[in-house]
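Read the structure below first, then the notes.
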Amino acid sequence: MARGILTIDLDAVTRNWTALSRMADCETAAVVKADGYGTGATHVALALARAGARSFFVALAHEGAALRQAIGAGPAIHVLSGHMAGDGAILRDHDLIPMLTGPDQVARHLATMPGHHFGVQLDTGMNRLGLKEAEWQALSSEVLAQKPVLALMHLACADEPDHPMNTRQLAVFHRMTDGLGLRRTAAATGGILLGKAYHFDMVRAGIGLFGAAPFKAGEPVVTLSLPIIQVRNVTRDEAVGYSCGWVAPGNHRIATLAAGYADGIFRSLSGKATLWAGDSPCPLIGRVSMDLITVDVTHLPEVPERLDLIGPHQTADALAAVAGTIGYEILTALGPRYERRYIGGKAGASA
Ligand SMILES: *Cc1c(COP(=O)(O)O)cnc(C)c1O
């Protein structure tokens, strides 16, 4: 079989969730947007629900609908894009909680879905989503009368603990919400690590579930193993791949693997990444193409069936550093063509 195999350790996800939960004296919600950061939202959410998670966040109403179908009634599912025009039926049918993003959404929600639960996002300085302070002042009594289930803020610089923006945003959030009797959430993974002042009533763990930065103490969750579909010998001055991106300095054995930039192996990794045959590093040579990469395996006594791109020798964060990006982007780019195999979490199946 020529598909790459993405192995996701659901027990490691659960242990990461538990470790993050222990840092906070409040509810720890799980953020499973973008298909659970590329790992499979429904598998991750089911494993976490079994471990005791009661609240989830997704970005889009459609993600919430798919999650509800997988995990059933009970857990709260919050939608970070709030209540967009046309989302009413999907929010109602799947019992989703829109996290309203501004005055337009407040008006839409209260007019079209009175009585359907909702939360409100407050902008404390990131200027991405949420009601600004003046907007909140104008609308808060009307909103509070409808009993929002949650008030949410998001930190712009939580991965830099000493950044003055963190305390500035915290102060604004207190000013906007103290004494109103609201259930509050401020911290994603980075905010959990900032300490209890940022935890309020709920924290929202996303990337930390997958043991990636900023939760460096977390356990890695993902292994990516790519199949070698052909091995060939090249001699001195023969070129490999697009643009003759690599020219053999002598006799070499080149393995061609069935995965490329269409699968989330960024083209910027051309000539830079390392794959692993067990404990032996093997350099990626030449250009990453859409469906294929080429790797120098000259030094291996025996060429294996697969090489690892993400695994014990190279985490998603380490690969991100080579590509000039962050672990979040490596994980969420993991393409749909991989076979996803799940360990633990009582999920058992592959998809
Ligand atoms: C993505 C996101 C999270 C999760 O962030 P991590 O850094 O992955 O933990 C939490 N809250 C909001 C509003 C988000 O957009």
Side-chain angles (χ1 to χ4, degrees), residues 13 16-21 23-24 26-39 41 44-45 48 53 55-61 63-64 67 76-84 96-102 105 118-131 148-161 163 165-166 169-170 173 183-195 198-222 316-317 320 325-334:
V13 173
N16 287 332
W17 179 79
T18 303
L20 290 162
S21 304
M23 293 179 201
C26 62
E27 182 178 8
T28 302
V31 183
V32 293
K33 58 194 180 185
D35 201 20
Y37 292 53
T39 68
V44 167
L48 290 174
S55 292
F56 296 90
F57 285 81
V58 292
L60 306 177
E63 293 180 315
L67 186 59
I77 301 177
H78 306 77
V79 178
L80 291 166
S81 58
H83 184 161
M84 298 295 292
L96 308 176
I97 304 172
M99 298 299 299
L100 305 180
T101 58
Q105 289 204 350
F118 69 97
V120 61
Q121 300 192 48
L122 302 176
D123 179 18
T124 59
M126 190 175 185
N127 275 307
R128 201 175 59 166
L129 292 176
L131 282 82
V149 298
L150 191 65
L152 177 150
M153 67 159 278
H154 197 49
L155 292 160
C157 305
D159 57 345
E160 297 172 67
H163 200 294
M165 188 67 168
N166 294 320
Q169 286 189 267
L170 187 62
F173 196 49
R183 196 156 187 264
R184 295 185 281 189
T185 177
T189 300
I192 296 173
L193 305 175
L194 289 179
Y198 291 84
H199 295 169
F200 295 90
D201 303 301
M202 176 200 279
V203 293
R204 313 182 303 274
I207 195 72
L209 300 172
F210 306 100
F215 186 38
K216 294 191 181 128
E219 258 182 78
V221 163
V222 168
D317 285 331
T325 182
I326 53 177
Y328 292 80
E329 194 181 19
I330 294 286
L331 292 177
T332 56
L334 292 170

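In each ligand, atom 1 is the first atom listed, and ligand 1 is the first ligand listed.
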State the [atom1]-[atom2] distance between [X] and [Y], to the nearest 0.5 angstrom.
X    : Y    : atom1 : atom2 : value
T185 : L150 : OG1   : CG    : 6.0 Å
T28  : M23  : OG1   : CE    : 10.0 Å
H78  : L152 : NE2   : CG    : 9.0 Å

For atom 5 (O) of ligand 1, which candidate among A30, A188, S81, A29 holds the nearest heavy atom?
->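 The nearest heavy atom belongs to A188.
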What protein heavy atom sits nearest [atom], and how far away is it?
atom                    : value
atom 11 (N) of ligand 1 : R204 NE, 2.9 Å
atom 9 (O) of ligand 1  : T189 OG1, 2.5 Å
atom 7 (O) of ligand 1  : Y328 OH, 2.6 Å

Proximal ligand 1 atoms for [X], defined as those under 4.0 Å from one of its heavy atoms:
X    : answer
Y37  : 1 (C), 4 (C), 5 (O), 6 (P), 8 (O)
R128 : 15 (O)
K33  : 1 (C), 2 (C), 3 (C), 14 (C), 15 (O)

Does the pair R204/E27 count as a salt bridge with the N-to-O cut at 4.0 Å?
->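 E27 and R204: not salt-bridged.
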Of all heavy-atom pairs between [X] and [Y], which one has the smallest distance, and what is that distance?
X    : Y    : answer
C157 : M165 : SG-CB, 3.8 Å
A59  : S81  : O-OG, 2.7 Å
T101 : Q121 : CG2-NE2, 3.5 Å

Closer than 4.0 angstrom: is that true for some heavy atom of M126 and an atom of ligand 1?
-> no
Below 4.0 Å from any atom of ligand 1, is there a heavy atom belonging to F57?
-> no
Ligand 1 and G206, any nitrogen or oxygen pair closer than 3.5 angstrom?
->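 Yes - when backbone and side-chain N and O of G206 are compared with those of ligand 1, one distance drops under 3.5 Å.
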Under 3.5 Å, N or O to N or O, is L152 touching ligand 1 that way?
->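 There is no such contact.
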F210/F215 aromatic ring centres below 6.0 Å = no
Report the part of V31 (side chain from C-beta onward, or backbone N, CA, C, O) that has a heavy atom under 4.0 Å from ligand 1; answer both or neither where that applies.
->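 Side chain only.
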